[in-house]
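First the structure, in the form of structure tokens, and then the observations on it.
All values below were derived from every heavy atom in this structure, side-chain atoms included, with hydrogens, water molecules and symmetry-related copies excluded. Positions are given from 1 along the sequence.
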Amino acid sequence: MGSLAGAGSAAADEAPLHAGGASATLDGLKTYDGAVLHADGGDQQLTAGLFEMTVDGGGKLKTYCVDIHNPTQDQAKYLETPWDQTSLGANKDAGRIRWILENSYPQVDDLAALAGSAGTGPLTEKTAAAGTQVAIWRYSDGADVDASDPAAEKLADWLEKSARNSAEPKASLTLEPGAVSGKPGERLGPVTVRTDATGVVVTPPADAAASGIAITDRDGEPVTTAVDGTELYFDIPADTADGGASLEVQATTSVPVGRAFAGVTKSQTQILAGSSDSTVSATATANWAEEGAIPSVTARKNCAKGGVDVTATNQGDEVFAFELSGAQYSVVPGGSTTVTVPVAEDEAYSLTVTGPGGFSRTFSGVLDCETTGTTEVVTRQASSQPLPASAGGSSQGSVESETADTGAVTGDLAETGSSSATPVIAGIAVVLVVLGAGSVFVLRKKKNSTAGE
């Protein structure tokens, strides 16, 4: 569904860097078997396999790790993210990882057929998941890693040798651009819908009749549904007081295999292996004023430059002067300015753009563009019960697990009948500052240059 905030003076607005798509919570490592990571410090025993996530608004996802040296956080929040805002952006083999996902478990859930193609001998869900994860790690992290089970190891070898480059899949749902501005009495936009869903729902707010603000097409006709390529406009009555609004569109669709999922806080980057029909959404904002500067501001991670790009556009008739990270900037009428704020790898940030008239927009997140850790192993355990080591984490002595029925998942997502044991979140050669959910950190000067996108 869609909604609009009532018009009013521009106020502080917290905006996570999410272009749109699915948002989900990590449920843990569910279908897995053993693997061995060969490193300079010796062999590391770890678990390898499929994670599961619960989508906000409904749906289930299954993912593999593309970040072996970093741990997961229990119940971490994840957002569907373009490759270029993760370590995959600088990885020339990212397309091979997508091929592996498309040609192995769970997309290929006929295990006898998969075993026949790979020449592995009998496979179980656990060994198929482990072999697939091992093959992915060889491309995502350049890891020297083997599956513990002989059949899983043969599957990993076959997938690695067979993989071909495939293009990055399109986002499940986005709105482009994410922000527009203009004057009352105008239709502000267009904001274009980009989706692989058959359709999305656009619903005006409950107070639309009172405020007069509407979402329309170019000709001013109200829009309640949209498809890929539909152009939406904020129709602002001429007598509306200066203010702002936000538009959200929503759909139910299967998220494309190969989409990346990055943690809102520091947590192991994932790549989608399967999706049920899931809720996806995207948001765009509009600002308007009768005179003066009329800004719109967006932000996105820039892994290639090791920071966050903040873009300010001004559709007003006066210069928009704003402050960001202690520096002053300005945008001429009809112009646009992009500022790249340096952020250290693995660093949480909160970037606020402030301007005249009480304008304030805050963007927060964590920059996670690399897969390489440092030398210290840090373990974080979410409960007092013994738990299995997570993929990307090291074994810490003996572990125990409990099994439970996780239920059936519909759509493209193959059922696993997997364990529901929650993983220990451990790092292999990682120095990690554990980020509490909802914690806000002051942006500090970038200490290390980052590579990749």
[X] versus [Y], closest heavy-atom pair with distance:
X	Y	answer
A118	L155	CB-CD1, 3.9 Å
E102	V108	O-CG2, 4.2 Å
V366	V264	CG1-O, 3.4 Å
G258	L101	CA-CD1, 3.9 Å
A163	Y139	CB-CE1, 4.0 Å
D196	S254	OD2-O, 3.6 Å

Are side-chain N/O atoms of [X] and [Y] paired as donor and acceptor at under 3.5 Å?
X	Y	result
K60	S278	no
Q250	S281	no
Y78	S267	yes
Q73	Q75	no
H38	D146	yes

Side-chain contact test, heavy atoms from C-beta onward, threshold under 4.5 Å: evaluate it for [X] versus [Y] and give yes or no.
X	Y	result
V55	S23	no
I68	L37	yes
T279	D56	no
K266	N70	yes
V200	D228	no
W137	L46	yes
I271	I97	yes
T132	L159	yes

Inset, instruction - Run the numbers on T253 and T198 for side-chain contact (heavy atoms from CB on, under 4.5 Å), then give the verdict. - result: CA-CA 8 Å; T253 187; T198 56; over 6 Å; no
Atom pair [atom1] ([X]) and [atom2] ([Y]), whose distance is rounded to the nearest 0.5 Å:
X	Y	atom1	atom2	answer
C65	Q268	SG	CD	3.0 Å
Q133	Y105	CD	OH	13.5 Å
E347	D368	CD	CG	12.5 Å
D67	T269	CG	OG1	4.5 Å
F51	K30	CZ	NZ	11.0 Å
L88	R259	CG	CZ	10.5 Å

Would you check if the side chain of [X] reaches a backbone N or O of [Y] as a donor-acceptor pair within less than 3.5 Å?
X	Y	value
S87	E370	no
N287	P295	yes
S104	I100	no
E153	A147	yes

Legend entry - Where at least one partner belongs to residues 171-181, residue pairs that pass side chain to side chain donor-acceptor pair (under 3.5 Å), sequence neighbours excluded: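 Matches after skipping sequence neighbours: E80-S172.
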Would [X] and [Y] pass as an ion pair if we require N to O under 4.0 Å?
X	Y	result
D309	R300	no
D27	K62	no
E160	R96	no
D157	R138	yes

Legend entry - T63 vs L50, side-chain contact (heavy atoms from CB on, under 4.5 Å): CA-CA, chis, key distance, verdict: CA-CA 6 Å; T63 61; L50 275 169; 6.0 Å; no
Inset, instruction - Report yes if the distance between the aromatic ring centroids of F320 and F359 is under 6.0 Å, otherwise no. - result: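 Yes - the distance between ring centres of F320 and F359 falls below the 6.0 Å cut-off.
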Legend entry - Which residues share a side chain to side chain contact (heavy atoms under 4.5 Å, CB included) with T311, sequence neighbours left out: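 Testing T311 for side chain to side chain contact (heavy atoms under 4.5 Å, CB included), a comparison that skips the adjacent residues, returns T298, T313, S336, T338.
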Legend entry - Contacts of T352 that satisfy side chain to side chain contact (heavy atoms under 4.5 Å, CB included) - sequence neighbours left out: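 Side chain to side chain contact (heavy atoms under 4.5 Å, CB included) check on T352 returns T354, S360, T362.
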Inset, instruction - Return yes when atom NZ of K77 has more than 12 non-hydrogen atoms of other residues, nucleotides or ligands closer than 6.0 Å, and no otherwise. - result: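 Count over threshold, so yes.
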Inset, instruction - Could you walk me through whether V310 and F322 pass side-chain contact (heavy atoms from CB on, under 4.5 Å), step by step? - result: CA-CA 12 Å; V310 179; F322 67 94; 5.6 Å; no
Inset, instruction - Just do the side-chain contact (heavy atoms from CB on, under 4.5 Å) check on Y64 and S140 with the steps written out, would you? - result: CA-CA 11 Å; Y64 286 108; S140 65; over 6 Å; no
